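Everything on this sheet refers to the single structure shown next.
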Amino acid sequence: GAGVSQSPSNKVTEKGKDVELRCDPISGHTALYWYRQRLGQGLEFLIYFQGNSAPDKSGLPSDRFSAERTGESVSTLTIQRTQQEDSAVYLCASSLTSGSNEQFFGPGTRLTVL
Amino acid sequence: AQKITQTQPGMFVQEKEAVTLDCTYDTSDPSYGLFWYKQPSSGEMIFLIYQGSYDQQNATEGRYSLNFQKARKSANLVISASQLGDSAMYFCAMRELYNQGGKLIFGQGTELSVKP
């Protein structure tokens, strides 16, 4: 079956512009996560959605970052007024529920802010 | 304080030999899970193995086993009979079930290189 997909795969933008990153989770997965991976680093948690519950936004680094999810489907991560330090790979993952043992990761979006 | 610590930035192993990748963790949550992921140069994250904090036996999945020492708060990954395709970054991660929901906390990773 189809895995987690993300678009675009690469995004180059200028400092100060807004960007939107998209994640399509595995069908039927109620939990969806966003992580950020800076070059040579581990993954940092950003935000997660579980069904219709309020999202856990505790990992968002600033108010320039926001995310939405429509029901149990697509999610978009928006970064406003991008800064060079936002350059990273943004990974999305989904799992059947937040208690599931395995999170399935998408291929990521590589964001470069010039 | 670091919740997940991987002290080996890089490791080398000879093909067909076993290798242990270290991971220590810190949590006050009585219920937690420990994970290992592999990230090849392509960038995808591949789930390898899971250990629950209440599991009595060490987890095994094929050539992967997790050496879980709860009192020491360590969850080392053992890869037996290394293959060239095992060359990749390896990340240890933890999920604290009571306090933090489903999110994973990752270590900084260990880069494993398998020599022919």
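None of these values were measured; they are calculated from a predicted model.
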- Task: Would you indicate whether A/Leu39, at its atom CG, is surrounded by more than 12 heavy atoms from other residues, nucleotides or ligands within a distance under 6.0 Å?
- Result: no

- Interface moiety of A/Gln37 toward chain B, non-hydrogen atoms closer than 4.5 Å: side chain

- Where the side chain of A/Arg38 meets the backbone of A/Ala88, is there a donor-acceptor pair that is under 3.5 Å apart? no

- Message: With a 4.5 angstrom heavy-atom cut-off, is it the side chain or the backbone of A/Phe104 that approaches chain B, or both, or neither?
- Response: neither

- Would you please say whether a donor-acceptor pair under 3.5 Å links the side chains of A/Ser58 and A/Asp56? yes

- Task: Would you kindly confirm whether B/Ile4 and B/Val78 end up in one hydrophobic cluster when ILVMFWY residues are joined by side chain heavy atoms under 4.5 Å apart?
- Result: no

- Item | B/Gln39, part contacting chain A, at a heavy-atom distance under 4.5 Å | side chain

